[in-house]
Amino acid sequence: MLELQRIRENKEEVIERLAVKNFHASGIVDEIVSLDQQRRATQKLRDDILAQSKKLAREIGRYFTSGEKEKAEAVRRESLALKEQVKTLSDELDKISGTLHNKLVELPNLPHPSVPRGNSDADNEVVFTEGEMPVLPQNALPHWELADKYKIIDFDLGSKVTGAGFPFYRGKGARLQRALINFFLDEAIGAGYLEYQPPLMVNEASGFGTGQLPDKEGQMYYIGLDKLYMIPTAEVPITNIYRHVILKEEDLPLKNVAYSSCFRREAGSYGKDVRGLNRLHQFDKVEIVQIQHPGKSYETLEEMKAHVAGLLRKLELPFRIVRLCGGDLSFTSALTFDFEVFSGAQKRWLEVSSVSNFESYQANRMKLRFKGADGKTRLAHTLNGSALALPRIVAALLENNQTAEGIKIPEALQSYTGFELID
RNA sequence: GGAGAGUUGCCGGAGUGGUCGAACGGGGCGGUCUCGAAAACCGUUGUCCGCAAUUGCGGACCAAGGGUUCGAAUCCCUUACUCUCCGCCA
């Protein structure tokens, strides 16, 4: 949620910046500014009458205690008239505030000035590339065939037991999952992150806090009986730890890491994008989250990028970093860098991480603040990044490391898997 | 799932209709004292909104939401959560 003051004071800039996200904001911004004016005027009216009414109530109290019942009765009648007015004005104020809030929540976050214009992932800007492209033989297999060949992932069995997009990992496939999770967690802990194991379901307030609700309601699994949402990422529970919290400035930055399964309905996905491990309804991910001082959040974004790059380097995967264009940027993000690994047999780049700065957008929704040295309370900045999501890493590892003898496990991972080869 | 009790400020904990934003204790911050520290003593201590904008004024907030009343932390209703006992259970 954008800060009202910012909209009020920089109306034109807000409209221009949102245009980069292909969001036409002029109408709604005008409405917001006008609703805000109405709200303030109405509150002034109500508060004045309320103050008067409080004064009378105290007077009645005093007359009662001193036994002057007739005087009390007279003032009571006077006060009764005010009551109606207060009620009317309060209802009006609630209505205006509610509408204002609903409008405010419809506005996406402002993109950072460095975000390029564009409509889709085709317009994203490649900012960095590293690693050697795999040279595979003509008959190289895509990962879903390798998974089947070595009997390490069973998609059909998942379909039978649950549905499409819920695979079983088996034998060395299952161990590889565990190894990656532990490797990613250990790396994050080494970089100063505190490990959490979060709940896999969250309530509505948490879904709202990080911005999944109401925007992406249809993308989450919902347990109606208990009104709980399956988490699409650990970002949701981990960031919401700080909902309605005022931190101390010296506590910043807070660095948390969590492994969790993630659940996504992925309504509307189709085709080669969903083949094999490319897109699943349930997958595993290690997520890093930071709460940072507004003046330092972009340094932190760089630090998080460096962390993710380090992981891919250790896994010996060729990768590139992409700056998302306005059209591809999420609703809540100000600046996002995607990490993509090259999957040799599919011959395509697969997104394995998304590192974002949300500035104060999520913090404003969940009222996450910190008290500065000057005693003033300000919104903090929130950031998060996948470090990393497993399925596409596994896809790239399988495809890129396939040999006649089997699939080679990168050295950094061998102490975690306990084997060097999947055969 | 059944029965009962509870949810108050940074923490503990009073307060059952009338200046209660809230006693008292602890903690934090500032000061006195001291070479310094401790102790003691004094003062101070939340968040949000609005008006005026230099210190000022008004309103809201005692789990959340609604109701009764001139007036509610205090009474009523709904929801959430916590605790105790029983049941069930990894």
Side-chain angles (χ1 to χ4, degrees), chain A residues 1-9 32-105 197-209 213 222-229 237 240-252 254 261 360 363-380:
Chain A
M1 190 159 80
L2 295 177
E3 292 169 67
L4 190 53
Q5 197 186 352
R6 188 165 183 183
I7 298 173
R8 207 152 59 196
E9 289 170 7
I32 285 169
V33 170
S34 143
L35 282 163
D36 178 48
Q37 272 163 5
Q38 285 178 53
R39 183 189 111 250
R40 285 147 72 196
T42 310
Q43 186 182 331
K44 175 85 175 103
L45 270 177
R46 188 206 58 168
D47 283 358
D48 288 349
I49 295 172
L50 213 46
Q52 174 69 7
S53 144
K54 265 179 82 164
K55 211 176 106 193
L56 294 181
R58 283 192 209 109
E59 234 172 88
I60 295 168
R62 252 179 272 122
Y63 285 136
F64 262 115
T65 36
S66 64
E68 297 169 89
K69 285 196 177 151
E70 277 166 33
K71 280 187 180 173
E73 184 55 29
V75 181
R76 194 185 73 84
R77 252 177 271 124
E78 190 185 338
S79 182
L80 213 48
L82 295 180
K83 200 183 171 181
E84 282 302 307
Q85 294 184 51
V86 169
K87 174 92 177 107
T88 310
L89 286 168
S90 289
D91 287 351
E92 201 180 322
L93 186 62
D94 287 348
K95 210 176 129 201
I96 295 168
S97 303
T99 313
L100 177 60
H101 182 260
N102 290 342
K103 295 283 173 197
L104 221 40
V105 159
Q197 206 170 94
L200 300 182
M201 297 183 202
V202 293
N203 58 28
E204 190 183 344
S206 294
F208 177 83
L213 294 175
Y222 180 60
I223 318 290
L225 202 57
D226 297 293
K227 297 184 182 153
L228 294 173
Y229 295 85
N240 272 284
I241 290 172
Y242 306 102
R243 175 153 45 86
H244 290 296
V245 168
I246 300 177
L247 299 161
K248 293 195 211 103
E249 185 167 356
E250 59 263 34
D251 293 339
L252 302 176
L254 284 161
S261 290
S360 62
N364 195 27
R365 286 181 156 241
M366 65 174 85
K367 302 303 169 210
L368 192 191
R369 289 158 295 170
F370 71 95
K371 195 183 274 269
D374 55 1
K376 283 194 181 154
T377 303
R378 300 171 61 188
L379 292 170

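Within every chain, numbering begins at 1; the chains are lettered A, B, ... in the order of the sequence lines, protein sequences first and strands thereafter.
Between the CZ atom of Arg76(A) and the P atom of G71(B) there is a distance of 10 Å, rounded to whole Å. Per the geometry, NZ belonging to Lys69(A) stands 16 Å off C1' belonging to C70(B), to the nearest Å. Rounded to whole angstrom, the span from the CD1 atom of Ile246(A) across to the P atom of U45(B) amounts to 17 Å. Atom-to-atom, CZ of Arg46(A) to P of C49(B) comes out at 14 Å; the value is rounded to the nearest Å. When the P atom of C49(B) is taken as reference, atom CD of Glu3(A) falls 11 Å away, rounded to whole Å. Remark: P of U79(B) and CD of Glu204(A) are 17 Å apart, rounded to the nearest angstrom. Distance Leu100(A) CG to C49(B) P: 12 Å, rounded to the nearest Å. Distance CG (Leu104(A)) to P (C49(B)): 12 Å, rounded to an integer number of Å.
In this structure, Glu250(A) places its CD atom where more than 12 heavy-atom neighbours from other residues, nucleotides or ligands lie under 6.0 Å away.
Looking at which nucleotide of RNA chain B each of Ser79(A) and Arg369(A) is closest to, the 5′-most match is held by Arg369(A). Each of Lys44(A) and Asp94(A) was assigned the nucleotide of RNA chain B with the nearest heavy atom; the assignment lying further toward the 5' end belongs to Lys44(A).
Straight-line distance between the P atoms of G21(B) and G46(B): roughly 16 Å, to the nearest whole Å. One P atom belongs to G6(B), the other to C75(B), and the distance between them is 11 Å to the nearest Å. Look at the C1' atom in both U16(B) and G71(B): the space between them is 15 Å, to the nearest Å. Separating the C1' atom of A64(B) from that of A73(B) is a span of 15 Å, rounded to the nearest Å. Comparing the same atom, P, in U8(B) and in U82(B) gives a spacing of 14 Å after rounding to whole Å. Look at the P atom in both G1(B) and A14(B): the space between them is 31 Å, to the nearest Å. Taking atom C1' in both G26(B) and U45(B), the straight-line distance is 13 Å, to the nearest Å. Comparing U19(B) with C10(B), their C1' atoms are spaced 27 Å from each other, to the whole Å.
For Arg40(A), a side-chain nitrogen or oxygen approaches OP1 or OP2 of C51(B) to under 4.0 Å. Close to G71(B), at under 4.0 Å from its OP1 or OP2, lies a side-chain N or O of Lys83(A). Phosphate proximity of C49(B) to Arg39(A): absent, as no side-chain N or O sits under 4.0 Å from OP1 or OP2. Distances shown here put a side-chain N or O of Lys371(A) below 4.0 Å from the OP1 or OP2 atom of U47(B). The shortest distance between the side-chain N/O atoms of Lys227(A) and the OP1/OP2 oxygens of A80(B) is not below 4.0 Å.
Nucleotide C75(B): paired with G67(B) (Watson-Crick or G-U wobble, both distances less than 3.5 Å). Of all nucleotides present, only G56(B) satisfies the Watson-Crick or G-U wobble test against C51(B), with each distance under 3.5 Å. Taking a pair to require two hydrogen-bonding distances under 3.5 Å in either a Watson-Crick or a G-U wobble arrangement, A90(B) remains unpaired.
Atoms NZ and CG, from Lys103(A) and Leu100(A) in turn, are 10.5 Å apart once rounded to the nearest 0.5 Å.
Nucleic acid contact for Lys71(A): none, since no nucleic acid atom lies under 4.0 Å from a heavy atom of the residue. Leu82(A) comes within contact range of no nucleotide atom at all, as no heavy-atom separation falls under 4.0 Å. Ile60(A) comes within contact range of at least one nucleobase, with a heavy-atom separation under 4.0 Å.
The pair Arg76(A)-Glu73(A) meets the salt-bridge criterion, with a side-chain N (NZ, NE, NH1 or NH2) lying under 4.0 Å from an Asp/Glu carboxylate O. Lys95(A) has no carboxylate O lying under 4.0 Å from a charged side-chain N of Asp91(A), or vice versa, which leaves the two without a salt bridge.
Under the side-chain contact (heavy atoms from CB on, under 4.5 Å) test applied with Leu35(A), the options Gln37(A), Gln38(A), Arg39(A) reduce to a single match, Gln38(A).
Using modelled atom types, one finds a donor on one side chain and an acceptor on the other under 3.5 Å when comparing Ser206(A) with Asn203(A).
Counting heavy atoms from C-beta on, the side chains of Asn240(A) and Val202(A) never come closer than 4.5 Å.
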